[in-house]
Amino acid sequence: MLQSEILGSTGWLDDVGLVQKVGESCGVFGVYGPGLDVARLTYFGLFALQHRGQESAGIAVSGGTGVTVYKDLGLVAQVFDEQRLAGLDGHLAIGHNRYSTTGSGSWENAQPSYRAIGERTIALSHNGNLSNTSSLADDLGVLQETMSDSELMTEAIGRELDRTDWDRALSTVLPMFEGAFSLTIMDDDHLIGVRDPLGFRPLVLGRIDGGMVLASETCGLDIIGADFIREIAPGEVIIIGQDGVRSIHPFKNVKQRTCVFEFVYFSRPDSTMSGQSIHAARRRMGERLAAEHPADVDVVIPVPESGIPAAQGFAAAARIPYVDGLVKNRYIGRTFINPTQQMRDQGVRMKLNPITQELEGKRVVLVDDSIVRGSTTRQLISMVKKAGANEVHLRVSSPPYKWPCFYGMDTGRQEELIASRMTVEEIADFLEVDSLGYLSMDGLLEATAVDPNRFCTACLTGDYPTEIPDMRSTGAPST
Ligand code: SF4
């Protein structure tokens, strides 16, 4: 088993408060492909899914006689190079990009997690967050503090697999898990995809040169030239091996509640979900926003990058020029180098910089996808005003974010969410904007063009689709 050394990291940019945004979810990937360079395909799959998590990256690979895992802190391109990939030879692989809450960014939490069972090893990549970790840890007789939810899942599956075959093990163990889990799992010979019965997080199936691929989003298939077959259904388990592909359905109650923020922010705009283009849905959110909250202004400016499609939709519907007034430093990502205190004080400027010529003397609508805690947005508004904008009207392409997420998104505690403490008018005052308008819940759901009953909207409505034991005041770790 390979294990990399832990780099001498003292913190990520996001950890030192430079960027406050809803944390991304994790990215999972898997490929079963005899004769294919599965490690390289997984690398590129993770590369396309990098937006879902930048804290650590890992690949597990098997050639039929053992599983090798390599993982480390950093971006996919920082963790892997040609030499590392050359050491990962086999015919099936899984991969993981991790996003996590502040303070849990240790090497131990990087994935895939793995467990030896007799002569063989299983590896597991998890996108989501379990909401019953303490009862699961009790059932397993382990201390909750010593294992992440993903390690608990690996442990539970491994113990059962030691007694029986994959079908029976998964049918017994998976119903014990509550919360959000889209998984790719492997042993020496099998690639397995799992989507929880509420389907919180996406997972898609594709085909490449006689091989099969699993990915969090369709963009993970596109990059390697795989054909999209279909989405894994909520509650479906797909088992891929030498004898073909089969599905089992171990969950009794299946009721789709996919995270609506996949449409607002998390997924890449070039991905599709439930048959809809994410980019087109975001444009429609902007069009609806323009109808619900018009503004008499000179230009529409997006907060890059996730605010771009909604700003385009707003500008087109309102017939107001769309202008790039802010430039994002695309390569800031995550760095092992701590910024100086002076840079930290500059806050948002580390990530976004205004184009003064486009803002000077203008009345501006600024379009963003969400406001979580509000302090970064406040800095942003101040920066736009300093660049010379006469008026700043903020439009948000989702409803007020009032409730913490327990399904894999790092939103912090409820009291940190600005919309849970303040009215829209109070938020406008706090941000020092000339006006503020949020997209309505109906507007958001209609813009997705998906059956509204299929979504989780808990962070916007407080209507949680699962029991949340003792966690509302504490926030929850994400994986
Ligand atoms: S609570 Fe919000 S962010 Fe979390 S899964 Fe539900 S819709 Fe998504």
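For the numbers below, each heavy atom of this structure counts, side chains included, while hydrogens, waters and symmetry mates do not. These numbers were taken from a predicted model, which means no experiment stands behind them. Whatever order the structure lists them in is the order used to number ligands and atoms, beginning at 1.
- Heavy-atom contacts of Met409 reach the following atoms of ligand 1: 3 (S) (cutoff under 4.0 Å).
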Under 3.5 Å, which donor-acceptor pairs do the side chains of residues 436-445 form with other protein atoms, sequence neighbours left out?
unit_1	atom_1	unit_2	atom_2	d
Ser440	OG	Glu292	OE1	3.4
Ser440	OG	Glu292	OE2	2.6
Ser440	OG	Gly443	N	2.9

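- Under the side-chain contact (heavy atoms from CB on, under 4.5 Å) rule, Leu49 has a single partner from Arg268, His96, Glu217, which is Glu217.
- Below 4.0 Å from some heavy atom of Tyr407 lie the following atoms of ligand 1, by number and element: 5 (S).
- For the atom pair Glu231 CD and Leu205 CG, the distance stands at 11.0 Å (nearest 0.5 Å).
- Distances from atom 6 (Fe) of ligand 1 show that Cys456 has an N/O/S atom below 2.8 Å.
- Against a heavy-atom cut-off of under 4.0 Å, Cys459 is close to the following atoms of ligand 1: 1 (S), 2 (Fe), 3 (S), 7 (S).
- Side-chain contact between Leu191 and Ile94 is present, with at least one heavy-atom pair separated by less than 4.5 Å.
- A salt bridge between Arg288 and Glu446 is present, with a side-chain N of the basic residue lying under 4.0 Å from a carboxylate O of the acidic one.
- Ring geometry for Phe251 against Phe181 counts as tilted: the plane angle lies between 30° and 60°, on a 0 to 90° scale.
- Backbone or side-chain N, O or S atoms of Cys259 reach atom 8 (Fe) of ligand 1 at under 2.8 Å.
- Using a 4.0 Å cut-off between heavy atoms, Tyr265 makes no contact with ligand 1 at all.
- Residue-ligand proximity, Tyr401 to ligand 1, at heavy-atom distances under 4.0 Å covers atoms 3 (S).
- Taking the salt bridge (Lys or Arg N to Asp or Glu O under 4.0 Å) definition, one finds that Arg201 meets it with Glu262, sequence neighbours left out.
- Distance check for Cys405 against atom 2 (Fe) of ligand 1: none of its N/O/S atoms falls below 2.8 Å.
- Under a 4.0 Å heavy-atom criterion, Tyr464 is not in contact with ligand 1.
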